[in-house]
Amino acid sequence: MSQFSSAFTAASSVSLPPPSFYVSVSKRSFIYCCSSPQSTTTVVNGKFDGKIVERDEIRFGLPSKGRMAGDTLDLLKDCQLSVKQVNPRQYVAQIPQLSNVEVWFQRPKDIVRKLLSGDLDLGIVGLDTVSEYGRGDEDLIIVHDALKYGDCRLSLAIPKYGIFENINSLKELAQMPRWTIDRPLRVATGFTYLGPKFMQENGLKHVIFSTADGALEAAPAMGIADAILDLVSSGTTLRENNLKEIEGGVVLESQAVLVASRKALIQRKGALDTTHEILERFEAHLRAADQFMITANMSGSSAEEVAERVLSQPSLSGLQGPTVSPVLCKRDGKVAADYYAIVICVPKKALYKSVQQLRAIGGSGVLISPLTYIFDEETPRWRELLSKLGL
Ligand SMILES: Nc1ncnc2c1ncn2[C@@H]1O[C@H](COP(=O)(O)OP(=O)(O)OP(=O)(O)O)[C@@H](O)[C@H]1O
Ligand SMILES: O=P(O)(O)OC[C@H]1O[C@H](OP(=O)(O)OP(=O)(O)O)[C@H](O)[C@@H]1O
Ligand SMILES: [Mg+2]
């Protein structure tokens with residue numbers, strides 16, 4: 001193990017606040033300083049080994065504030081899992097549909113820490129937060145990796161001006177001869193675990209990290225740092241501060257995820273069943289959210305002939321092929337089917353193309369309805385979870 005990684009492991013074994021400074025100076029030296037003294041501690045990385053603490057309820061951690069909080073409550077509400085909170089300053093709440101679940105509102109990073117320490121069983125946070133504060137701990141299991149909000153990326157950015165004017169990739173940045181043991185590349189970041197790990201994996205040797213809690217984009221212009229490693233979503237903050245992302249500089253693509261403690265899923269009574277229910281509801285809602293249901297009438301000689309025509313169109317195959325039903329009417333005293341009603345689901349973004357294709361094959365009276373849930377057969381994510389748990 002190189003000095004870099006052994007020092008790194010040492011850094012990851014303290015539970016107290018993250019180090020304010022990591023200094024990597026080539027393979028020969030790696031200095032690690034901490035903003036608070038490294039007091040003696042019996043907790044390693046906020047983690048207790050051994051058996052879980054007995055309790056009856058499943059504890060579900062949700063973001064108490066910030067941009068994840070509202071969207072998380074909206075997702076749960078859309079899945080008929082509304083959270084009942086007596087008032088916004090009360091940190092415990094209930095989900096009436098899940099009687100064995102206790103919701104605890106926490107800061108995202110504390111949700112991850114508490115999953116590791118066994119104080120929470122399930123949580124919703126950004127993948128960036130799981131990766132930074134979870135530090136690859138095997139007890140954390142991502143149950144759903146794409147809840148479709150909180151999209152952002154953890155990305156390295158440098159000034160557009162000065163010595164960086166013609167630097168557009170990580171490779172070019174690494175090859176700048178000016179970074180030396182005595183004058184390393186200075187990176188400001190709140191991601192003091194992922195940052196050094198990424199630099200090491202990408203072979204950047206002379207790098208020094210400093211940390212701050214926000215407004216990192218100011219650091220280069222203030223002369224405090226050469227580069228920053230921070231979350232980017234719209235890119236506005238970078239642009240407004242004359243900074244640019246570089247090719248190869250994305251550490252992580254992130255969105256909201258459902259994460260669980262492996263130990264809780266295996267050992268805590270009811271935890272796995274509850275997780276299954278939450279997962280199924282999330283999947284059903286998220287699958288439905290980007291689909292429309294289309295109903296249309298088609299003239300035709302038989303259901304099969306209509307189905308042939310529908311299936312000949314690439315945008316109309318639906319979830320498992322079209323549902324075709326005869327529209328029965330009385331003609332010359334006899335019940336007959338001149339028309340067939342078809343029902344298909346199409347991706348929202350393919351809506352207009354689908355309508356055009358339907359018309360082209362003789363569809364009329366096209367009705368479009370939103371879908372609320374699609375419960376398919378067992379979700380692949382559930383099978384994946386069971387296999388990760390060795391069940
Ligand atoms: N533009 C963005 N900037 C930061 N986080 C974002 C962005 N877009 C989505 N997110 C997600 O939202 C999560 C919470 O970010 P938020 O800024 O609300 O809280 P925080 O940064 O943890 O706390 P605070 O900013 O109050 O210190 C992030 O971890 C990330 O997953
Ligand atoms: O690409 P953009 O859409 O501009 O978003 C990126 C900015 O948003 C976050 O800051 P936040 O608003 O959370 O403020 P903070 O720095 O105080 O955490 C992040 O740290 C960036 O500064
Ligand atoms: Mg923030």
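The analysis underlying the following values was restricted to heavy atoms, covering all of them including side chains, and did not include hydrogens, waters or symmetry mates. Atoms within a ligand are numbered from 1 in the order they appear, just like the ligands themselves. Note that the numbering runs from 1 along the sequence shown for the chain.
- With hydrogens and angles disregarded, a donor-acceptor distance shorter than 3.5 Å links the side chain of Arg383 to the backbone of Glu378.
- Close approach to Val232 involves these atoms of ligand 2, each under 4.0 Å from a residue heavy atom: 1 (O).
- Considering backbone and side-chain atoms alike, Glu217 places an N or O below 3.5 Å from some N or O of ligand 2.
- Numbered from 1 in the order shown, with element, the atoms of ligand 1 that lie under 4.0 Å from a heavy atom of Lys65 read 26 (O).
- Counting the atoms of ligand 2 from 1 in the order shown, those under 4.0 Å from a heavy atom of Ser234 are 1 (O), 2 (P), 3 (O), 4 (O).
- Counting heavy atoms under 4.0 Å from ligand 1, residue Asp151 touches it through the backbone alone.
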Using the rule given for salt bridge (Lys or Arg N to Asp or Glu O under 4.0 Å), can you reason through Asp290 versus Lys348, listing the C-alpha separation, both sets of side-chain angles and the distance that settles it, and then say yes or no? CA-CA 5 Å; Asp290 54 10; Lys348 280 184 177 168; over 6 Å; no
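- The line from CG of Leu122 to CH2 of Trp104 is 15.5 Å long, rounded to the nearest 0.5 Å.
- Remark: Lys77 does not engage Asp74 in a salt bridge, criterion side-chain N to carboxylate O under 4.0 Å.
- Between Val306 and the choices Ile342, Asn297, Leu311, the side-chain contact (heavy atoms from CB on, under 4.5 Å) rule is met once, by Ile342.
- Ile111 pairs with exactly one of Leu116, Leu120, Asp119 by the side-chain contact (heavy atoms from CB on, under 4.5 Å) rule, that one being Leu120.
- Only one option out of Arg113, Arg107, Gln106 pairs with Asp110 in a side chain to side chain donor-acceptor pair (under 3.5 Å); it is Arg113.
- Ranked by closest heavy atom to atom 29 (O) of ligand 1, the top entry among Val257, Leu127, Asp128, Asp110 is Asp128.
- Note on ligand 1: Gly150 sits in its first shell, one or more heavy atoms being nearer than 4.0 Å.
- One finds the CH2 atom of Trp382 at 13.5 Å from the NE2 atom of His144 (value rounded to the nearest 0.5 Å).
- Polar contact with ligand 2: present for Ala215 (N/O pair, distance under 3.5 Å).
- Of all the heavy atoms of Gln255, none lies under 4.0 Å from any atom of ligand 1, so neither backbone nor side chain is involved.
- For ligand 1, the polar-atom distance check against Asp213 finds no nitrogen or oxygen pair separated by under 3.5 Å.
- Comparing Asn241, Thr236, Leu231, Leu216 against atom 6 (C) of ligand 2, the shortest heavy-atom distance belongs to Leu231.
- Those atoms of ligand 2 that come under 4.0 Å of a heavy atom in Thr237, given as number and element, are 2 (P), 4 (O), 5 (O), 6 (C), 7 (C), 22 (O).
- Taking hydrophobic clusters as Ile, Leu, Val, Met, Phe, Trp and Tyr residues chained together by side-chain heavy-atom distances below 4.5 Å, Leu385 shares a cluster with Ile58.
- Using a 4.0 angstrom heavy-atom cutoff, Arg67 counts as in contact with ligand 2.
- Atom numbering of ligand 2 starts at 1 in the shown order; those under 4.0 Å from a heavy atom of Asp230 are 19 (C), 20 (O), 21 (C), 22 (O).
- Residue contacts with ligand 1, taken as heavy atom pairs separated by less than 4.0 Å, do not involve Lys109 at all.
- Listed by atom number, the atoms of ligand 2 under 4.0 Å from Gly214 heavy atoms are 16 (O).
- Asp139 and Ser261 are linked by a side-chain donor-acceptor pair at a separation below 3.5 angstrom, with hydrogens and angles left out of the test.
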